There are 2 protein chains.
Amino acid sequence: MTKQDTALTLAPRLAEKIRDMLIAGRLKPGQRLSEASLSSDLDVSRNSLREAFRLLTTEGLLRHEPNRGVFVSTPSMASIIDIYRVRRLIECRALEQAYPQHPAVARMRASVEKALECREASDWVGVGSANMAFHAAIVDLADSARLSAFYGQIAAELRLSFGLLEDPEFLHAPYVDMNAAILAQLEEGKTSEAAAALESYLSRSERTVLAAFSRLGH
Amino acid sequence: MTKQDTALTLAPRLAEKIRDMLIAGRLKPGQRLSEASLSSDLDVSRNSLREAFRLLTTEGLLRHEPNRGVFVSTPSMASIIDIYRVRRLIECRALEQAYPQHPAVARMRASVEKALECREASDWVGVGSANMAFHAAIVDLADSARLSAFYGQIAAELRLSFGLLEDPEFLHAPYVDMNAAILAQLEEGKTSEAAAALESYLSRSERTVLAAFSRLGH
DNA sequence: AAAAATAAATCGTTGAACAATCTTGACAGA
DNA sequence: TCTGTCAAGATTGTTCAACGATTTATTTTT
């Protein structure tokens, strides 16, 4: 347990807890979150919960309808397309302009190895997490705290979408080797090739996700 | 007056009001915002004010130190560099992959014309606003709501930095013609050239801002 | 003058309250 | 049966008052 419960103030801790519940699928898209019941469930006051709601709303995980309450965001085709558009723009460019000695490269390598391990153990959720970490590391190549924070948000949104989809093996496993290949190209200094590979990687991933998404009758 | 005061809920309206005060320079960087006094000044409750603080904190305009209060963010060299890094990555790519018939192009043109008018009238604040609108329109070329929202945030942060700097003429006037040139290139379909021009534009602007910034101490 | 102890101010969080708004369901009329 | 009205109930929006915890300022002690 890496607990520092008292380090942060309550609202961000609450937000994190709710975020976890969202990604774990314990709160389902479209579901309304009642201030009264959730605040008593989490054992906090309504005011504190509302502060947390504000945070999650700006992150796009919750949707606020005045006088009606907050709802878990429902991923849509539109949001998936939007997110992949952002990913292609940011990740590919970050990769293209990267230099192979960047510290984030170590994190990329660690993520690839983690993903390989998890695949070996058929731990598909672990593969998924490792993949996400790989891409976050790519964004870190751009050396911008703001960009990395922004990417963290849309990654969380994407995980919300993934929560709807079944068969995480089909969803994540194929990309482990591609990640390894991209990493290898980067380490050789072939950043343009790496970026191109990532571009087609992301397009393929987008198609897969959209197809799986449409398959469940939006 | 384009007032719809009752449309939104209180916290976002408060946030907007405070944002305006920040950009107008009525609240100075580093200044501490007391919950008690500000809430009575704005005639709202402490709780509502705290919700607004959360919003502005995630936007980077305010900084929250637990048990000490919230402070107006102090722009630093580091933050300016970070922001320009993001701008180069996002704006240049958005421009490069744009197609000249995109609706946002009309907004770009309107901004250029507005800037020309304001320059004629020596309204340098107006020139600055028009410039900002021009660049926001560039980002809109990428057709991503999330990307545009993110850009809006860092633009607000940048305006906070500009507030520190004097001589808005020096800061904004030189770029009006460059914007016009970039727009012309885009309309001719020369997106790569336009992107290259924007890249050097942004680098020059960054240098200017950094220089002006270092000139006023720390 | 430095350190320790004390007091004052401010934030963090809670619970209760009430107005405004939305939802529900009964009911009357066509 | 369908439709529109209207009151009752539930939920959010916002405020207020309170109190423990932490920080800041002040005073006392060494």
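Note that the coordinates shown come from a computational prediction; the quantities given were computed from them, not determined experimentally. Residue numbering restarts at 1 for every chain, and letters A, B, ... go by the order of the sequence lines.
Rounded to an integer number of Å, the gap from A:Asn47 CG to D:dT15 C1' is 9 Å. The CG-P distance, from A:Asn67 to C:dA19, rounds to 16 Å in whole Å. D:dG13 atom P lies 12 Å from atom CG of A:Leu49, rounded to whole Å. Look at CG on A:Leu14: it is 14 Å from P on C:dG12, rounded to the nearest Å. Atoms CG (B:Leu8) and P (C:dT21) sit 14 Å apart, rounded to a whole Å. Counting to the nearest Å, the P atom of C:dT13 and the CD atom of A:Glu51 are 8 Å from each other.
A donor atom on one side chain and an acceptor atom on the other are found under 3.5 Å apart for A:Ser45 and A:Ser48. In summary, the side chains of A:Asp140 and A:His102 do not present any donor paired with an acceptor at a separation below 3.5 Å, with no hydrogens or angles considered.
Distance from the side chain of B:Val44 is smallest for D:dT15 among the nucleotides D:dT15, C:dC22, C:dT13. Which of C:dT13, D:dC16, C:dG12 sits closest to the side chain of B:His64 comes down to C:dG12.
Dashed line: the shortest gap from a side-chain N or O of B:Ser48 to OP1 or OP2 of D:dG13 is not under 4.0 Å. Taking 4.0 angstrom as the limit, B:Arg13 places a side-chain polar atom (N or O) nearer than this to OP1 or OP2 of D:dT14. The side chain of A:Arg32 places an N or O atom within less than 4.0 Å of a non-bridging phosphate oxygen (OP1 or OP2) of D:dT12. Side-chain nitrogen and oxygen atoms of B:Arg50 include none within less than 4.0 Å of the OP1 or OP2 phosphate oxygen of C:dC11. Within the 4.0 Å cut-off from OP1 or OP2 of D:dT12, not a single side-chain nitrogen or oxygen of B:Thr9 is found.
No salt bridge links B:Glu206 with B:Arg85; every basic N to acidic carboxylate O contact stays at or beyond 4.0 Å.
Checked against a 6.0 Å centroid threshold, the rings of B:His135 and B:Tyr201 count as neighbours.
For C:dG12, its base sits under 3.5 Å from the side chain of B:Arg46 at one donor and acceptor pair at least.
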